[in-house]
Amino acid sequence: MRLIAENLAGERGGETVFANVEFALEDGEALIVTGPNGSGKSTLLRVVADLLPASEGKVRFEGGGEKWPTPSSACHYIGHLNAMKTALTVNENLDFWQRFAGEPALAIAEALEEVGLGHIGHLPFGYLSTGQKRRAALARLLVSRRPVWLLDEPTAGLDKASEKRLAEMMDQHLDEGGIIVAATHLPLGIEGVKSLDMGTRPHG
Amino acid sequence: MLALFLRDLRLSMRVGGGALTGIVFFLAVIATIPFGVGPDLNLLSRIGPAILWIGALLASLLGLDRLFQADRDDGSLDLLVLEADRHMLALTVLVKCLAHWTGSVLPLVVAAPLLGLFMNMEPLAIGATALTLLAGTPAITFIGAAGAAVAVALPRGGLLISILVLPLTIPALIFGVSASYGATEDPAPFLQPFLILVALTLFLAVIGPLGAALALRRTSD
């Protein structure tokens, strides 16, 4: 499977935030997108997920077959927001996303164990701390299968131990032939990845 | 899809859900009418079906602004849009509408017969009004979804939704009320306006979610 961006440009409110972005990722490859605030990291991820239209160029996903025909169908997207309902318990939230997204992978209890939240699945999501909320959101990556992970500042609010756990999760995903595009300004602690610096790129 | 229906239904029942707001508003509107109109029992029973319909219409507009905004605020809306290849977005919207109707509007229909007693309505008129509400209120939710999708990005979109949606709900109101009168007043027909009301609901069950899906696609940022 290949995730390809060709001559991609994105805009926010009519102003171009990045242009001429090109990358091609094969199975087991990761791309770390770095750059200062406002350099277009989040916009790039949203364009790749097809949540925002690309103002130029396009994103393609090859080799997905019938199961993953388009980039948006093949990806998990973790944005700034956790996409969880505060009034529902962690288990209910994850159960919903697992059913809605299909392609179930790990059971919910196992996924929570992986992110170190094994004991709090029964609590309403609203009772959790910032870091725990983020970890619960990351557990969504594990409950249903997607070849591409788009992670926007995945470590926001995480402590050192959780960052390490996330790095292990990402390593394992890459080992299984997955693809990761992560926007961050902190090192994520995974080895052998491509990088794209949005800050030093000339604006188109 | 069933999972989405159950999740939204559960949310409307829990703390902060809109299920109670609408019904309390409905109760407040109907309970104050007799005080305003005065103790003319004939007048009350004559305007009863219309007042019940207007009360239910306004009460069901109340919770509409949160239909998509709640999902937008916590990032869920992005993921619902993202899954559009697997679950057609219009279908997702339809399911959300049905859950919203079951959670927030169906209680109004259930409460309507009780509130009909406040208006000194006959049992037949109460039954007919409840039936027309059951058939007609989904139409309001379906149009409301299109309005809610247009206003989803606005911080105080509730008022805008009411202004956008209210004119479009007038046909449902007209045929709902005339069918209710048709059941009790002899020369007026019941079946014809009732069938038009049902047709309106079915028609809007297609148009509303399609329009809402289009608007959600365009406004995601």
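The chains referred to below are lettered A, B, ... by the order of the sequence lines, with proteins before strands, and numbering in each begins at 1. What you see is a predicted model; the values in this text were computed from it and never measured.
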Q: Nearest 0.5 angstrom please: B:Arg217 CZ to A:Leu51 CG, how far?
A: 7.0 Å
Q: Counting heavy-atom pairs under 4.5 Å with chain B, which one of A:Thr43, A:Leu88, A:Asp95 comes out on top?
A: A:Leu88
Q: List the atom of A:Ser73, the atom of B:Asp85, and the distance in Å for their closest heavy-atom pair.
A: CB-OD2, 3.5 Å
Q: I need the residue from A:His80, A:His76, A:Met84, A:Arg99 with the largest number of non-hydrogen atom pairs under 4.5 Å to chain B.
A: A:Met84
Q: For the interface with chain A, which of B:Leu6, B:Leu80, B:Asp71, B:Leu82 has the highest count of heavy-atom pairs at distances below 4.5 Å?
A: B:Leu82
Q: Does any backbone or side-chain atom of B:Asp73 lie under 4.5 Å from a heavy atom of chain A? Answer side chain, backbone, both or neither.
A: backbone
Q: Nearest heavy-atom pair of B:Leu79 and A:Ala83: which atoms, and what distance?
A: CD1-CB, 3.5 Å
Q: Contact part of B:Leu2 toward chain A, heavy-atom cut-off under 4.5 Å: side chain, backbone, both or neither?
A: neither
Q: If I measure from the heavy atoms of chain B, does A:Lys67 come under 4.5 Å with its side chain, its backbone, both, or neither?
A: backbone
Q: Less than 4.0 angstrom from a charged side-chain N to a carboxylate O is my criterion; do A:Glu92 and B:Arg7 meet it?
A: no
Q: What residue, out of A:Ala101, A:Ala137, A:Ala49, has the most heavy-atom pairs lying under 4.5 Å from chain B?
A: A:Ala101
Q: Could you grab the distance from atom CG of A:Asn93 to atom OG of B:Ser76, nearest 0.5 Å is fine?
A: 7.5 Å
Q: Pull out the residues in residues 146-181 of chain A that come under 4.5 Å of chain B, heavy atom to heavy atom, sorted by number.
A: A:Arg146
Q: Out of curiosity, A:Cys75 SG to B:Glu83 CD, how far, rounded to the nearest 0.5 Å?
A: 8.5 Å
Q: Which atoms form the tightest heavy-atom contact between B:Arg14 and A:Ala87, and what is the distance?
A: NH1-O, 3.2 Å
Q: Quick check: under 4.5 Å, non-hydrogen atoms only, which of residues 105-113 of chain B neighbour chain A?
A: none
Q: Once side chain to side chain contact (heavy atoms under 4.5 Å, CB included) is applied, do any residues pair with B:Val152, and if so which ones, sequence neighbours excluded?
A: B:Phe68, B:Arg72, B:Leu77, B:Leu216, B:Thr219
Q: Can you give me the closest heavy-atom contact between B:Gly75 and A:Leu81, atom names plus distance?
A: N-CD1, 3.7 Å
Q: Checking B:Asp74 against chain A: side chain, backbone, both or neither under 4.5 Å from a heavy atom?
A: both
Q: Atom NZ of residue position A:Lys58 - does it have more than 12 heavy atoms of other residues, nucleotides or ligands inside 6.0 Å?
A: no
Q: For B:Ala70, which atoms come within 4.5 Å of any heavy atom of chain A: side chain, backbone, both, or neither?
A: both
Q: Which pairs with one or both residues in residues 83-124 of chain A pass ring-ring contact (aromatic ring centres under 6.0 Å, His included), sequence neighbours excluded?
A: A:Phe96-A:Phe100, A:Phe100-B:His87
